[in-house]
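See structure below.
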Amino acid sequence: MRQLLWVWMLLMAFAFVNDRCHCCLQEERSGLLEIKAWFIHAGAGSYMLPGWDKEDLNCCNWVWVSCDSTTNRVIELHLSFGNSGALEKDLYLNASLFLPFKELESLDLRWNQLVGGLKNQGFQALASGLRKLKILHLSYNKFNDSILSSLSGFSTLESLDLSGNSFTGTVGLTGLRKLAVLYLDSIDFKENILLESLGGLPSLKTLYAIESKFEGKHFGKGQ
Ligand SMILES: *[C@@H]1O[C@H](CO)[C@@H](O)[C@H](O)[C@H]1NC(C)=O
Ligand SMILES: *[C@@H]1O[C@H](CO)[C@@H](O)[C@H](O)[C@H]1NC(C)=O
């Protein structure tokens with residue numbers, strides 16, 4: 001009986017501490033520190049992630065991170081470090097870095113010199129791990145047509161930005177059944193397979209293709 005009392009008191013103490021702290025999940029906090037290490041290894045300066053520090057237990061307050069206000073789970077990540085020329089080498093996406101963030105709704109990876117995914121750790125793995133993702137920004141990286149087929153598993157995605165990559169239009173998009181908004185700005189199309197595939201996306205309402213060319217012809221702002 002006395003043992004039970006102890007257990008109960010301990011549980012209450014934990015609940016109290018947890019409630020006071022408004023901490024983010026330990027697993028998500030260490031996940032963010034691994035992402036930081038990955039970008040620093042790629043050449044990003046640690047000053048680009050100010051305050052991402054293991055001493056600060058509430059990663060919901062960290063810059064570029066947003067959490068749900070009731071669950072304290074990370075729901076948005078904005079990670080974009082190559083714009084200033086900081087990243088020294090081409091990067092291959094490692095999906096494992098993002099799998100702790102099960103509640104993630106919005107992921108921004110623009111301007112990161114990404115060329116593709118690691119073997120078995122690319123977008124297919126990311127899509128099967130992030131089952132709540134609605135917004136994905138992959139613009140201004142160095143992706144080519146070969147990644148497009150690996151995006152088909154993002155069945156919850158509503159907005160996708162693929163602008164400013166090295167696509168030529170030889171591979172179509174499939175499987176994105178909730179996708180409503182697609183950005184294909186600043187792309188030099190040589191083939192029309194990608195554009196024709198858009199007719200098969202059942203929820204697509206808006207297409208942007210600003211500054212894109214098709215065989216030398218400029219698009220206007222497409223709708
Ligand atoms: C991918 O990221 C995970 C988690 O940080 C790490 O354990 C693994 O070594 C990485 N894989 C490669 C090939 O870098
Ligand atoms: C596309 O990019 C990947 C990753 O860098 C590369 O292995 C592949 O050869 C490229 N494909 C083409 C057609 O350029």
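First listed ligand is number 1; within each ligand, the first listed atom is number 1. As the structure is a prediction and not an experimental result, all values here were calculated from the model.
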Within the 4.0 Å heavy-atom shell around [X], which atoms of ligand 1 are there?
{"X": "Leu97", "result": "5 (O)"}
{"X": "Leu118", "result": "12 (C), 13 (C)"}
{"X": "Asn94", "result": "1 (C), 2 (O), 3 (C), 8 (C), 10 (C), 11 (N), 12 (C), 14 (O)"}
{"X": "Glu34", "result": "4 (C), 5 (O)"}

Under 3.5 Å side-chain donor-acceptor pair for [X] and [Y]:
{"X": "Ser166", "Y": "Asn144", "answer": "no"}
{"X": "Ser163", "Y": "Arg110", "answer": "no"}
{"X": "Asp56", "Y": "Trp62", "answer": "yes"}
{"X": "Thr170", "Y": "Glu191", "answer": "no"}

Exercise. What residues, two or more places apart in sequence or in another chain, satisfy salt bridge (Lys or Arg N to Asp or Glu O under 4.0 Å) together with Lys178?
Worked result: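 Residues passing salt bridge (Lys or Arg N to Asp or Glu O under 4.0 Å) with Lys178: none at all.
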Exercise. By salt bridge (Lys or Arg N to Asp or Glu O under 4.0 Å), which residues pair with Lys190, not counting sequence neighbours?
Worked result: Asp188
Problem set entry | Close-range residues for ligand 2, whose non-hydrogen atoms fall below the 4.0 Å threshold |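 Residue list for ligand 2: Tyr92, Val115, Asn144, Ser146.
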Problem set entry | Flag side-chain contact, heavy atom, 4.5 Å: Arg73 against Glu28 | yes
For this session: Report the residues that fulfil side chain to side chain donor-acceptor pair (under 3.5 Å) with Ser186, sequence neighbours left out, ordered by chain and then residue number.
Result: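 With neighbours one apart ignored, the set is empty.
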For this session: Would you check whether Ser96 has a nitrogen or oxygen atom less than 3.5 angstrom from a nitrogen or oxygen atom of ligand 1?
Result: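 No, there is no polar N/O contact under 3.5 Å.
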